[in-house]
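Below is one structure; the comments refer to it alone.
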Amino acid sequence: MEKPKSGISRESLEAEKAQKEEFFKKKIEQLKAGMKLKPAIVEKHGNHYGFGVMECPICDDGKLKYRYFGQHNGHIQLQCSTEDCINFRE
């Protein structure tokens with residue numbers, strides 16, 4: 001087994017890389033699912049500030065809080081009550 005000068009094995013580094021890649025893949029999928037909610041939120045609140053809570057469609061377990069800044073810049077914020085689910089600010 002070849003070790004870099006730091007003494008950390010290549011297998012250890014590859015396992016850490018794979019773990020990080022899986023983490024970011026999951027977060028990107030959560031983000032895509034969250035952005036699919038934006039049209040319904042925009043339709044509900046129009047050009048006004050809005051906020052609310054709904055069942056989380058991403059994890060099906062928690063409550064998803066959202067804020068919509070329609071009058072300012074049209075951005076949304078999403079945060080699920082489940083620890084490992086979405087927490088996003090556009």
*How does the hydrophobic cluster around F69 look, that is, which other residues are in it when side-chain heavy atoms under 4.5 Å mark a link?*
Y49, F51

*With sequence neighbours excluded, give me every salt bridge (charged side-chain N to carboxylate O under 4.0 Å, His left out) pair touching residues 71-82.*
none

May I have the list of side-chain donor-acceptor pairs in residues 83-90 shorter than 3.5 Å, sequence neighbours left out?
{"unit_1": "D84", "atom_1": "OD2", "unit_2": "K26", "atom_2": "NZ", "d": "2.3"}
{"unit_1": "N87", "atom_1": "OD1", "unit_2": "R89", "atom_2": "NH1", "d": "2.5"}
{"unit_1": "E90", "atom_1": "OE1", "unit_2": "K38", "atom_2": "NZ", "d": "2.9"}
{"unit_1": "E90", "atom_1": "OE1", "unit_2": "I76", "atom_2": "N", "d": "3.1"}
{"unit_1": "E90", "atom_1": "OE2", "unit_2": "K38", "atom_2": "NZ", "d": "3.2"}

Do any side-chain atoms of residues 52-65 form donor-acceptor pairs under 3.5 angstrom with protein atoms, and if so which ones, sequence neighbours left out?
{"unit_1": "E55", "atom_1": "OE2", "unit_2": "K63", "atom_2": "NZ", "d": "2.3"}

*asked:* Going by side-chain contact (heavy atoms from CB on, under 4.5 Å), I41 matches just one of E43, H45, K44. Which one?
replied: H45

*So do V42 and Y68 actually touch side chain to side chain, heavy atoms under 4.5 Å?*
yes

*Give the other cluster members for F23, using side-chain heavy-atom distances under 4.5 Å between Ile, Leu, Val, Met, Phe, Trp and Tyr residues; answer none if it is isolated.*
F24

_Tell me which pairs pass salt bridge (charged side-chain N to carboxylate O under 4.0 Å, His left out) where either residue lies in residues 68-82, with sequence neighbours left out._
none

N/O donor to acceptor pairs below 3.5 angstrom from side-chain atoms of residues 12-22, sequence neighbours left out:
{"unit_1": "E16", "atom_1": "OE2", "unit_2": "K20", "atom_2": "NZ", "d": "3.2"}

*Applying salt bridge (charged side-chain N to carboxylate O under 4.0 Å, His left out), name anything that partners K25, two or more places apart in sequence or on another chain.*
none

*Under the side-chain hydrogen bond (donor to acceptor under 3.5 Å, both in side chains) test, residues paired with Q79 that sit two or more places apart*: none

